[in-house]
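Following: one structure in structure tokens, then a few remarks.
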Amino acid sequence: MVVESLDIAGGAPTKAVSPLRMRGASPSGGTIGANSYFLEKDGAPWFAVSGELHYSRLDPRDWRDALAKMRMCGVEIVSTYVFWNHHEAARGDFDWSGRRDLRAFLRACSEEGLCAIARIGPWCHGEARNGGFPDWLYGSGLRLRSNDSKYLELVAGLYREIGAQLRGLLYKDGGPVIGCQLENEHMHAGAPWEATLGAGDEWVDSGGDGEAHILELKRLALEAGIDVPLYTCTAWGGASAPFPEVLPLWGGYSFQPWLFYGDAKEHPATPEYIFRDKHGGFAPYACCEMGGGMACFYGYRFRLPPAAVEAMAVVKAASGCNLLGYYMFHGGTNPRGRAGAFLNEHAVPRLSYDYQAAIGEFGQVREHAKALSLLHRLFRDFEDRFCPTTTFLPAGAEALDPRDSRPTRFAARASGRSGFLFLCNYQDHAATEGHEGLAFEIRLPGETLRVPRLGGIRLARDVACVLPFHFDLGGVDLAYATAQPITSIDAGGERVFFFYAPEGMGAEYRFEDPRVDRVEALEGVLLADEDPRGGFARTASAIGAAPSWFRVLGADGSSRSICTLSRADALRFWKVELRGREHILLSDQPVLADPPGHTPADGRALSFRLECSGPGPFELLAFPALPACAAIEPAKLASAGEIRLFSRYAIELPPCELAFDLERRGELGAFLRFPSAVAPECKRAILRVEYEGDVGGAYVGDE
């Protein structure tokens with residue numbers, strides 16, 4: 001048995017929560033702003049989640065689908081680069097058409113109920129050719145990324161073009177654009193000039209004139225009409241970020257292929273999974289580039305473990321972050337350049353920018369997208385109680401060696417007696433082992449809370465999770481749970497709370513509140529009455545892998561229920577609103593629902609779709625039961641009884657043949673021919689190619 005201690009009562013840190021000048025209003029009376037600890041929306045705490053998607057790296061026909069998937073995963077803000085060289089390949093000739101139509105993309109964001117942050121450069125990087133600079137800038141002789149007057153003239157022209165695209169779509173106009181990022185990693189990083197590689201190996205300079213350059217860019221943006229509540233800058237590595245004129249944003253990558261540009265032979269374990277207190281007291285700790293994936297470079301290739309992304313989100317939130325921002329959240333494909341130029345950086349694939357992102361290049365919803373959505377629902381649905389909490393660390397937490405997995409890594413965010421216990425047992429590029437028999441003694445004002453009260457818990461390898469203590473459960477106090485909250489909904493006249501049991505950990509709920517009259521087991525729950533102190537105490541434990549239910553009845557006659565899911569069921573958890581009523585769906589297939597409050601123009605009775613991959617049949621569980629509904633032809637939908645208070649539905653699809661002809665072309669090549677209409681009822685066909693080798697190339701005709 002290992003008992004860890006954490007002191008929240010003594011010497012509690014006090015966070016300065018003072019308003020910042022960053023603020024804006026919409027025509028409808030809404031507001032967006034920031035204080036020194038978190039963002040605010042309509043005057044209330046806002047735990048924002050941002051995800052990167054590049055409109056010019058996606059076919060416009062896929063924009064709405066991609067945005068809907070991001071929203072279903074809990075993303076509220078779409079961040080997108082405006083790559084200069086995607087729009088002005090020839091000097092003075094701007095192209096805002098097709099996949100480069102920024103205005104149409106932002107309209108799609110609005111229609112999907114999402115906010116947007118435009119990363120307007122002028123230099124972006126993003127593994128783009130020249131970091132996003134047009135080729136013609138190479139021969140200009142100007143001091144790029146500086147206050148060189150001739151360079152600023154060019155930037156002003158770019159910003160005027162972007163401003164025209166954003167006109168009427170800014171937050172102050174009732175549009176989705178709430179912020180813009182100026183430059184990127186200024187005075188910190190550059191990129192290769194692609195035209196010179198192999199000859200001169202020259203790089204775009206990291207920039208000059210420091211914070212004065214960022215202030216000049218902000219002035220030019222305002223002159224171009226880009227007037228938004230939030231101006232941001234990336235701040236890591238000593239980059240220019242003149243606060244409070246801009247909001248400094250942070251990030252973190254546990255897989256860093258650029259290390260292998262130098263002499264590195266082995267990737268080191270990074271400190272990204274060490275808990276820290278990152279709130280400096282002046283600006284909120286907010287992120288824009290947490291590695292939601294990572295591109296494989298030709299010199300360093302790897303498979304990104306989904307646990308790496310989920311664990312980083314847990315650690316960032318525990319460390320004080322109230323804006324989680326992922327790069328990338330949705331992968332894409334580089335557009336074609338003019339005159340045959342590829343628009344990628346030479347170290348990465350020419351076209352694919354899949355990035356092993358949470359949602360892949362072709363819309364594949366991956367495991368880390370589903371895992372992140374659980375965290376996002378927790379932080380967002382309980383943002384009013386989570387945002388004001390502050391970080392507490394055990395002694396020596398920040399000094400832990402990333403390579404040493406023996407110490408328990410934990411932290412808390414708390415306010416008064418209530419809060420959240422964060423655990424992380426994942427580490428990149430180092431071996432970890434499971435921890436058995438763990439318990440935590442949390443010193444709170446007026447008590448010491450032991451979690452769990454008896455015995456210990458198991459923290460399995462690669463698991464990262466969030467456990468609540470003194471959690472307000474609809475008017476009664478949940479002393480602790482060894483399960484992670486997901487969300488809550490109103491159903492059957494009571495509030496229903498959903499939790500899941502982290503892999504390998506038993507879900508236990510402890511009540512010591514005299515306002516609780518009794519606890520009733522419904523499905524798959526074991527109850528124990530124990531109170532050595534002579535008051536009220538109940539412990540409920542979930543049993544088995546199926547959903548478990550129990551009800552907590554208050555002395556005032558109130559009632560609330562708890563449903564505990566396994567980790568496997570939690571990874572197929574979706575929350576939708578149908579006819580103004582919230583439903584929980586469990587589905588292995590991604591669920592795409594309309595934004596809350598949206599009324600379908602075509603009069604559809606229900607407003608959600610399943611994206612089914614493979615032949616089926618498929619299972620859908622719903623709580624509460626769905627209203628009368630019908631599947632879209634040729635699918636068949638049938639009610640199939642009930643599983644632990646969830647209504648079960650079976651979905652069958654007709655056979656779908658995706659045939660193609662294969663002709664071998666020597667030992668290393670093949671010719672594939674696809675019929676002109678392989679399967680008209682199929683949303684998308686994806687070809688998977690397995691090969692062993694260095695580089696693979698594909699051609700469609702001569703391209």
So, Ser373 side chain and Gly74 main chain: donor-acceptor pair closer than 3.5 Å or not?
-> no
Under 3.5 Å, is there a donor-acceptor pair linking the side chains of Trp63 and Glu112?
-> no
Do side-chain atoms of Arg461 reach the backbone of Tyr426 as a donor and acceptor pair under 3.5 angstrom?
-> no
Check: Thr482 main-chain N/O paired with Glu508 side-chain donor or acceptor under 3.5 Å = no
Would you check if the distance from the ring center of Tyr326 to the ring center of His376 is below 6.0 Å?
-> yes
Without hydrogens or angle criteria, can the side chains of Thr333 and Arg57 be said to hold a donor-acceptor pair below 3.5 Å?
-> no
Over all heavy atoms of both residues, which pair between Pro595 and Gly113 is shortest? Give the atoms and the distance, please.
-> CG-N, 4.2 Å
May I ask you to decide if Cys287's main-chain N or O and Lys316's side chain share a donor-acceptor pair within less than 3.5 Å?
-> no
Ignoring hydrogens and angles, state whether a donor on the side chain of Ser56 or Arg99 is under 3.5 Å from an acceptor on the partner side chain.
-> no
Thr487 pairs by side chain to side chain donor-acceptor pair (under 3.5 Å) with which of Arg380, Arg377, Lys575, Glu582?
-> Lys575
Going by atom types only, do Glu494 and Ser561 share a side-chain donor-acceptor pair under 3.5 Å?
-> yes
Could you tell me if the ring centre of Phe382 sits under 6.0 Å from that of Phe471?
-> yes
Would you check if there is a donor-acceptor pair between the side chains of Asp354 and Ser352 at a distance under 3.5 Å?
-> no
Note: Arg61-Asp59 ion pair, threshold 4.0 Å (strictly below) | yes
Does the ring center of His86 lie less than 6.0 Å from the ring center of Tyr55?
-> no
Which residue, Tyr500, Tyr509, Trp549, forms the side chain to side chain donor-acceptor pair (under 3.5 Å) with Thr564?
-> Tyr509
Are any side-chain N or O atoms of Arg560 and backbone N or O atoms of Val552, one a donor and one an acceptor, separated by less than 3.5 Å?
-> yes
Determine whether the aromatic ring centres of Phe38 and Phe47 lie less than 6.0 Å apart.
-> no
Which atom of Leu645 lies closest to which atom of Phe623, heavy atoms considered = O-CD1, 3.3 Å
Is the number of heavy atoms from other residues, nucleotides or ligands under 6.0 Å of Glu663 CD greater than 12?
-> yes
Is it true that Tyr480 and Phe469 have ring centroids separated by less than 6.0 Å?
-> no
With a cut-off of 6.0 Å (strictly less than), are more than 12 heavy atoms of other residues, nucleotides or ligands near OH of Tyr699?
-> no
Any idea how Phe386 and Phe422 line up, ring-wise: parallel (<30°), tilted (30 to 60°), or perpendicular (>60°)?
-> tilted
Shortest non-hydrogen contact between Met72 and Ala593, atoms and distance | SD-N, 3.6 Å
May I ask you to decide whether Arg567 forms a salt bridge with Glu503, counting only side-chain N to carboxylate O separations under 4.0 Å?
-> no
Do Gln364 side-chain atoms and Ile359 backbone N/O form a donor-acceptor pair below 3.5 Å?
-> no
So which heavy atom on Gly293 is nearest to which on Leu304, and how close?
-> CA-CD2, 3.4 Å
